[in-house]
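These notes are about the structure you will find just below.
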There are 2 protein chains.
Amino acid sequence: MSTNCLFCKIVSGEIPAKIVHRDNGIIAIEDVNPQAPVHLLVLPERHVANIAEHTFKGSADEITSLMETAAALGAQNAGGFRLVVNTGTDGGQTVDHLHVHVLAGRQMNWPPG
Amino acid sequence: MSTNCLFCKIVSGEIPAKIVHRDNGIIAIEDVNPQAPVHLLVLPERHVANIAEHTFKGSADEITSLMETAAALGAQNAGGFRLVVNTGTDGGQTVDHLHVHVLAGRQMNWPPG
């Protein structure tokens, strides 16, 4: 756990969130500032700053669980869905704890931001 | 291989593309209609329609290789990067062969499309 990390505090229960899924070290919550009718965040419970750091220091099982959970939650929407992973300033990352955005329920546009 | 799939034809060499990386069953090419100064597509060589189908029928090793390759290519950009995976109509998927967009080289905006 990283003591000043918003998502670590959600994982520990210190900060409330609407949890929609929790299993196998992965948690999914509703985004508090949704950009589509369905907007979830899927993240590992343990603190990992971003997907680039994960790639070099994480486990294959964890990245698989993360992506499979995100895809399975997205697939609950028959019309389709978009997954987005932001890393660093140019990517638009606002919380430095790896998370996958799952967006669905409307036509997503192009470019993706 | 799916006979009418654009990306399968790129994998086989029938249709040319600028290949920037090829290893371990994963290939990365430049997007022909880039939405950022860096815009790559990372995909499994074998035909998989989308990440939801992959989750239920694919291998953990493959999804790990796919995401780690995308993250490693993104991490070549010091300013950060965005990964995007579109599935189905609402997601904006235009080629039905699983691929991860890697976008970098400019500030990505919000919402992500």
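Atom set for the values below is all heavy atoms of this structure, side chains included, hydrogens, waters and symmetry mates excluded. So you know, we letter chains A, B, ... as the sequences are listed, proteins then strands, and number each from 1.
Residue B:I27 is grouped with residue B:L6 when hydrophobic side chains (ILVMFWY) are merged at heavy-atom distances under 4.5 angstrom, including chains of intermediate members. In this structure, A:I10 is not a member of the same hydrophobic cluster as A:I26, with clusters built from ILVMFWY side-chain heavy atoms closer than 4.5 Å. Both B:V95 and B:V11 sit in one connected hydrophobic cluster of ILVMFWY residues. Membership requires side-chain heavy atoms under 4.5 Å apart, directly or through other members. Clustering ILVMFWY residues whenever any of their side-chain heavy atoms sit less than 4.5 angstrom apart, transitively, puts A:I29 in a cluster other than the one holding A:V38. Hydrophobic clustering, with ILVMFWY side chains joined whenever heavy atoms are under 4.5 angstrom apart, keeps B:V100 apart from A:V84.
Scanning all heavy atoms of the two residues, the minimum distance from A:R82 to B:P112 falls at NH1-O, 2.8 Å. The two residues A:P111 and B:R106 have their closest heavy-atom pair at CB-NH2, 4.2 Å.
Going from atom CG of A:L83 over to atom OG1 of B:T87 covers 6.0 Å, rounded to the nearest 0.5 Å. Rounding to the nearest 0.5 angstrom, the gap separating the CD atom in A:E68 from the CD1 atom in B:I63 is 7.0 Å.
Contact annotation for A:L66: neither backbone nor side-chain heavy atoms come within less than 4.5 Å of a heavy atom of chain B.
Ranked by heavy-atom pairs shorter than 4.5 Å toward chain A, the options B:A104, B:G79, B:G88, B:G92 are led by B:G79.
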**Request:** Run the numbers on A:T94 and B:W110 for side chain to side chain contact (heavy atoms under 4.5 Å, CB included), then give the verdict.
**Result:** CA-CA 11 Å; A:T94 55; B:W110 206 246; over 6 Å; no

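The closest side-chain heavy-atom distance from B:T89 to A:Q107 is below 4.5 Å.
Under the side-chain contact (heavy atoms from CB on, under 4.5 Å) test applied with B:F81, the options A:I51, A:N50, A:V85 reduce to a single match, A:I51.
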